[in-house]
Engineer: 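This structure is in structure tokens; I'll ask about it shortly.
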Amino acid sequence: MTQDHSRYILHVAVPRPLRTLLSYTCADESAPKPGSRVLIPLGKQHAVGLVIRVETAPPEDADSRFTLKPVEAILDTTPLPDAHLLELLQWGARYYHHPVGEVIFSALPVALRKPKPLSSRLQKLLGRYEAPSLAPVERNHLQLTDEQQQCLHSIEQWNLQAPLRPILLHGITGSGKTEIYLRLIAPLFAAGKQVLVIVPEIGLTPQLLLRFAHFFGDTPMACLHSALSDGERMKAWLQARSGEARIIIGTRSAIFTPAPNLALIVIDEEHDASLKQQEGFRYHARDLAIKRAQMLNIPIIMGTATPSLESLYNADTARFHYVRLNQRPGTTRKPDLQIQDTRPFELQAGLTPHSLQAIRTTLARGEQVMVFLNRRGFAPALYCPSCGWQASCQHCSVKMTWHARRNKLVCHHCGAEQATPLRCPQCQNPQLTTQGQGTERLELALQTHFPAAVVVRIDRDSTSRKGELEAKLATVRSNDPLILVGTQMLAKGHDFPNLTLVIILDIDQSLLSTDYRALERLGQLLIQVAGRAGRADKAGKVILQTSQPDHPMLHQLVGHGYTPFARQLLEDRKRWHFPPFGYQALIRASSTASMEKALQFLEQISQLLIVTDGADIQRLGPIPALLEKRANRYRAQLLLGSQHRAALHAALLQLLNPSVKLPGRSGIRWSVDVDPIDFS
DNA sequence: AGCACGCCGACT
DNA sequence: GTCGGCGTGCTC
């Protein structure tokens, strides 16, 4: 391999789990620009890599340790991610300690992993794209309330100040956060700018798109989410990259969409856990969005009815601007929250007599009821009353859920299914019994108890077929009296004007959980679900059923509202140096062989830390994960914490240093999760 | 992630 | 003697 004719050295991110760039020579007259793809030799294979840095080759071979290989082809003449996006992606790779090539290629449309130049067909398609009118279509603008007007004014003032700070918009459900977004976006169109809007779930996207379309007329928008085909995704991505799509709406991965004229980022429901990727490159879209806005020096606004403790703390310490919307236009009445002690009662259909009575009177008034239970299936356990046998998953350390409709046992962790056994496999007893209840059983019980009522169940099982969810939502929107039964799916977004009673079941587990984030999540969920009750002129009522009615935090939430509740939780976090008062990284390991192997592996990592670092790193573990076994892998974890982000960062860098050889890694899979939010 | 290399057990 | 098992290490 001679370097005689090489003019450039290219530093390339490759689609492999490597934490470094690889270097190649290039003999071409002009060098590829950073952000272009190149075809490279990689071992005995060929692969598509992305040029990160270009250097002029030294005049003579400077006796380097390697003889560099030449690139095989340059695939792009224009960069795919621009310089700014490349910088963001590299920052993300460093911050989350994830291989740079995987970060970059997970941010690009999959079509670009193939060694084909951007097709001329797509370029033509874009060339023919009709240039939209720049002026927003003024129609059907709601008059802003005084509160909204003031809020908008504050935000506009802040966005004129330097340095810019992220804005936290804390607005109760129905207070009109979207209206604020729209008004902030409007003037940007006149200037030919682009706006990126990140939403937690695809389910919320069509609604928001309609709202935007209604407000802005025929503004070209691009929509990016996981349900798109590769072609659709590519098209939306190219339209954003060309600057033609003016509004880009998408789920978390849309934070990596190129947008040359980006002027504002909106994060809707900033507290939502689905903004954090839970596999592979475990980034938080909100945090990367803040970084992106900072790099571009453009405003970012984060809206929610229930701010994450992190964001609330950032507002308290003036890292964020903070503004509230406390009123619901069109109604003055707040929902009435009640705690129902379940202990004194024999429950029917899982409900107390008081809850049943409330349902009856609500239906009689011609209004709708929602019963929220975050557990699908008929029953979470099937067991034998005579010998105590329980149906558990072969591959995971969990009980299987019995589904009545399909008459099957299903594992909600690995998806394994089994026919319902006719008799106990242990003692042959034919009388197997279920224990506990899920939405399927709740639906049946409510239907039995209220035979004349319409009961609609909305969960993953009852809405898996195409169009099913839409049909059910349409039924609810007819505003006829009915009982709505459902899981988490119901907690977000949907507007049901005639819904005036919400009953929330089975919150005990969260109240008693050892996960320090469980209470924060419960508070957010309760407020979000309660926000579904009582719209327009109808007062809403929310009943929380629990066997822990004296739990102080529950009283705090119900008695004083979300903010005092969150501040109380922040006090606890401060005492324990938990985030946001400290920083954490979770190292997970799993083994097909045994729990012992996974723990041993993490123990070695822990030992390494003792040697390399001393004082400032706290360790919890290694311990078996909450879910000890999943899909035939034994899972363990090691939690690292520090008061100083830099110290934690340095410790992780030491561990991941390629010179550190971790022995006995056969059959071990492991990963690093920086700023973890899920500890299962 | 792929892929090759290498070091041990059972086979035509 | 070799075929192939997977444990280990490398990819410019």
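Throughout, a chain's letter reflects where its sequence line sits, starting with A, and its residues are numbered from 1.
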Engineer: Expressed in angstrom and rounded to an integer, what is the separation of A/Ile668 atom CD1 from C/dG7 atom P?
Structural biologist: 12 Å
Engineer: Whole-Å distance between C/dC6 C1' and A/Lys597 NZ?
Structural biologist: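 Distance, rounded to whole Å: 14 Å.
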Engineer: Measure the distance from CH2 on A/Trp670 to P on B/dA1 and round it to the nearest whole Å.
Structural biologist: 12 Å
Engineer: Is a salt bridge present between A/Asp675 and A/Arg645, judged by a nitrogen-to-oxygen distance below 4.0 Å?
Structural biologist: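 The answer is yes: the pair qualifies as a salt bridge.
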Engineer: Can A/Arg375 and A/Asp459 be counted as an ion pair, charged N to O under 4.0 angstrom?
Structural biologist: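 No, A/Arg375 and A/Asp459 are not salt-bridged.
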Engineer: Pull out every residue in residues 42-55 of chain A that has a heavy atom closer than 4.0 Å to any atom of DNA chain C, ordered by number, or say none.
Structural biologist: A/Leu42, A/Gly43
Engineer: Just wondering, do A/His649 and A/His97 contact through their side chains at under 4.5 Å, heavy atoms?
Structural biologist: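 They are in side-chain contact.
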Engineer: Could you give the CG-to-C1' distance, from A/Leu21 to C/dC10, as a whole number of Å?
Structural biologist: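 That distance rounds to 17 Å.
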Engineer: Between C/dC10 atom P and A/Ile40 atom CD1, what is the distance in whole Å?
Structural biologist: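 It is 19 Å, rounded to the nearest whole Å.
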Engineer: For A/Pro41, report the nucleic acid contact type (base, sugar-phosphate, nothing); a contact means any heavy atom under 4.0 Å.
Structural biologist: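 Answer is sugar-phosphate: A/Pro41 comes under 4.0 Å of backbone atoms only.
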Engineer: With ring centroids as reference points, do A/Phe578 and A/Tyr516 lie under 6.0 angstrom apart?
Structural biologist: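 Ring centres of A/Tyr516 and A/Phe578 closer than 6.0 Å.
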Engineer: Any salt bridge between A/Asp673 and A/Arg588, counting N to O under 4.0 Å?
Structural biologist: yes
Engineer: Between atom CZ in A/Arg113 and atom P in B/dG2, what is the gap in whole Å?
Structural biologist: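 Nearest whole value for this atom pair: 11 Å.
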Engineer: Between atom CG in A/Leu22 and atom C1' in C/dC10, what is the gap in whole Å?
Structural biologist: 10 Å
Engineer: Using whole Å, report how far CG of A/Leu18 lies from C1' of C/dC12.
Structural biologist: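 Taking CG of A/Leu18 and C1' of C/dC12, I get 10 Å after rounding.
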Engineer: Tell me, please, which residues at least two apart from A/Arg633 pass side chain to side chain contact (heavy atoms under 4.5 Å, CB included).
Structural biologist: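 A/Arg633: side chain to side chain contact (heavy atoms under 4.5 Å, CB included) contacts with A/Ser590, A/Thr592, A/Arg669.
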